[in-house]
Amino acid sequence: MSDHKDDLGKHPRGTLAVVGLYGLLFLVGWLAVFFFIYLPRGAVTR
Amino acid sequence: MMHNRQLATANVGVAVGAFGVATFLAFMQALSRAALDLPWRSPKMYYLSVTGHGVLMALVFTTFFIMGLGVALTTRALGRPLRYPRLAWLAFWVATVGSLGALWAIFWGKATVLYTFYPPLEAHPVFYIGLTLLVVGSWIWSAVTLGTYAAWRREHPGVPAPLAVHGILATIIVWLLATIGVAAEMLFQLIPWSLGLVETVDPLLARMLFWYFGHPLVYFWLIPAYVVWYTVLPKEAGGRLFSDPLARMVFALFIILSTPVGFHHQFMDPGISAGWKMLHTVNTAAILFPSLVTAFTVTASLEVAGRMRGATGLWDWIKRLPWGNPLVSSVILSMILFALGGIGGAVNAAFGMNSVVHNTAWIQGHFHLTVGSAVALTFMGGAYWLVPKLVGRDLELDLLARVQPFLWFVGMLLFSLANHVTGLMGMPRRVYEVGYAGNAITSHWQNLTLVSALGGVLLFVSASFFLLVMLGTVLAGRRREQPALEFAEPLAGKPERPLIFDRIWLWVVVAIVLVVIAYAYPLASHLAMERFGSPGFKPF
Ligand SMILES: [Cu+2]
């Protein structure tokens, strides 16, 4: 356990990877609803 | 040691009981939506059941669990018993009697108004009075907790409150601010109207007051769940809390941002101008931020846990987490479901796009990921961790407890995804007969309601496992001294001096200012208009 203690002070690389992937999924999901469902149905644009 | 155990046990006990009844109702509804032939399937039965499920889960289960958890966490973290124990019991009994009253009205078919009780749908007065008493009980609990904190504060000047207490205080402030709205709706509109003292009711005013309360209600549920994520999960996972100040910042942000956002539930309502809806939209986008910070901090705490267990690569810390610990698996799975819910939530919260999902099955798909998973699954995990400590017995049937979170996860994915998709197809929510007497368009979503029903069956099995574990633990668990309730240590050590986020009063003032900005003008201009009330409607 103590061998890895030094690791703890570093940036949480794994977390940044997870959060980055989630951000990507978030964008893709939201934009998919926007472009493929909302706009084709005739969005209110003004 | 933990103080006021019996009180915490009583509160958690009512919560679990409410959960059990609500679970059964949910099971019947899931089958009914799929148009499966059930005995006594009828519109009245359906609306009665949906009302019962919503009230029991969203209002009774959550409130009592939060009160029980709050008692256990604050007395342990502050190292002192509650200041006014008799008042705390009074809170429990007032809330219990109120809940029983509301349930009487529901199950006797006198309150088929759903858990949002929008007028002009009208219920028996006992329904409204009962729910008001539930809130009054929670106010007394709030006062007791604040009084206990004040006593501790006098004994410990100049030190920051323990993080768990900081979170519970944020919960209480959000709740006290929020319940002003629903109390006004009950006292000035619904109770006098249901008693026949006035003839008509203003539905839009009621909706404004309800959603003034309804969104922060979500944070009243969620902040205690976050307290578990921040202060319990890292410890149980064998690690440390990644950052204590970030957690305090999140709680402070919830105090100021929870309330001035209610119009995002009223995008389709007439009578509120677009500019004010837009302001609430911007505030809603802001409130995503503390949840994103939470996702980061809690995940980082888990990574710390994995690395302390010897992980080295980019991903293997995930495998090293103690997935067999039901608190750990419950919370992590609830976070994943919540993360998915966040994506849908950003669709709901977008002023224009909201029209695509408004009043469709998408909405119930969404909030079962938030309150039905982030909150409910965390609370179930919390119960596996807390109840043995409360009753001094080992967790019984622990194999079921280990399987249960995963079953919930799979069941909820099926249920929720099916509802998101059918919602986008146009399937309405809160409608008994979604087949429209065999209309061809509805055949597409009719098949998917079977997927949702399958999810419902898995959720029912999962919930039954939870109930069996709870019953088994309380009745048959081996009596033994349980490990003490312990909180996670922050990676960088505990803060010695208070931070700006600890200046609760400052945040209360900011919160009030934001609420006034967001609501004073729309409310005043609505009240200044010539208003026409509606008579009540009782469809059944
Ligand atoms: Cu909301």
Side-chain angles (χ1 to χ4, degrees), chain A, chain B residues 238-240 242-243 267 274 288 292-321 332 335-336 338-357 362 420-421 423-426 491-492:
Chain A
M1 198 162 116
S2 55
D3 311 349
H4 303 279
K5 266 273 163 66
D6 312 336
D7 254 20
L8 298 179
K10 291 185 192 155
H11 292 302
R13 291 173 292 139
T15 301
L16 293 172
V18 169
V19 169
L21 282 179
Y22 173 62
L24 209 63
L25 183 70
F26 194 105
L27 272 181
V28 169
W30 194 90
L31 291 173
V33 179
F34 185 79
F35 282 111
F36 299 119
I37 295 171
Y38 175 62
L39 288 184
R41 284 188 191 178
V44 182
T45 49
R46 53 152 259 124
Chain B
R240 303 263 178 84
F242 185 73
S243 165
F267 285 145
L288 272 178
L292 293 178
V293 173
T294 300
F296 171 80
T297 312
V298 177
T299 310
S301 306
L302 291 170
E303 184 173 351
V304 168
R307 301 217 181 277
M308 284 171 78
R309 289 163 170 269
T312 49
L314 194 58
W315 304 110
D316 62 338
W317 53 275
I318 299 172
K319 278 179 286 182
R320 306 248 181 171
L321 295 172
I332 297 176
M335 283 174 62
I336 297 171
F338 192 48
L340 295 176
I343 302 171
V347 172
N348 306 345
F351 195 167
M353 259 204 284
N354 181 275
S355 57
V356 171
V357 298
W362 168 289
H420 277 89
V421 174
L424 289 177
M425 290 172 162
L491 198 53

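So you know, we letter chains A, B, ... as the sequences are listed, proteins then strands, and number each from 1. Hydrogens, waters and symmetry mates play no part in the numbers below; they use all other heavy atoms, side chains included.
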* Chi angles and distances behind the side chain to side chain contact (heavy atoms under 4.5 Å, CB included) call for B:F242, A:T15 -> CA-CA 11 Å; B:F242 185 73; A:T15 301; over 6 Å; no

* Where B:A346 and A:W30 come nearest, the two heavy atoms and their spacing -> O-NE1, 2.9 Å

* Asked: Under a 4.5 Å heavy-atom cut-off, does chain B meet the side chain of A:Y22, its backbone, both or neither?
  -> side chain

* Counting only heavy atoms closer than 4.5 Å, note whether A:V19 contacts chain B via side chain, backbone, both or neither. => side chain

* Contact class of A:L27 relative to chain B, heavy atoms under 4.5 angstrom -> neither

* Asked: At their closest point, which heavy atom of B:T312 faces which heavy atom of A:R13, and how far apart are they?
  -> O-NH2, 3.1 Å

* Tell me, with the steps shown, if B:L340 and A:L25 meet side chain to side chain contact (heavy atoms under 4.5 Å, CB included). => CA-CA 9 Å; B:L340 295 176; A:L25 183 70; 4.2 Å; yes

* Structure fact -> So CG of A:L16 and CD of B:E303: to nearest 0.5 Å the spacing works out to 7.5 Å

* Asked: How close do A:F26 and B:G342 get, heavy atom to heavy atom, and via which atoms?
  -> CE1-O, 3.6 Å

* Hey, are the side chains of A:V18 and B:W315 touching, using non-hydrogen atoms and a 4.5 Å cut-off? -> yes

* To do: Measure B:A350 against the heavy atoms of chain A and call it side chain, backbone, both or neither at under 4.5 Å.
  => side chain

* To do: Among B:V356, B:L302, B:V357, single out the residue with the greatest number of heavy-atom pairs under 4.5 Å to chain A.
  => B:V356

* Shortest non-hydrogen contact from B:W317 to A:G14? -> NE1-CA, 3.5 Å

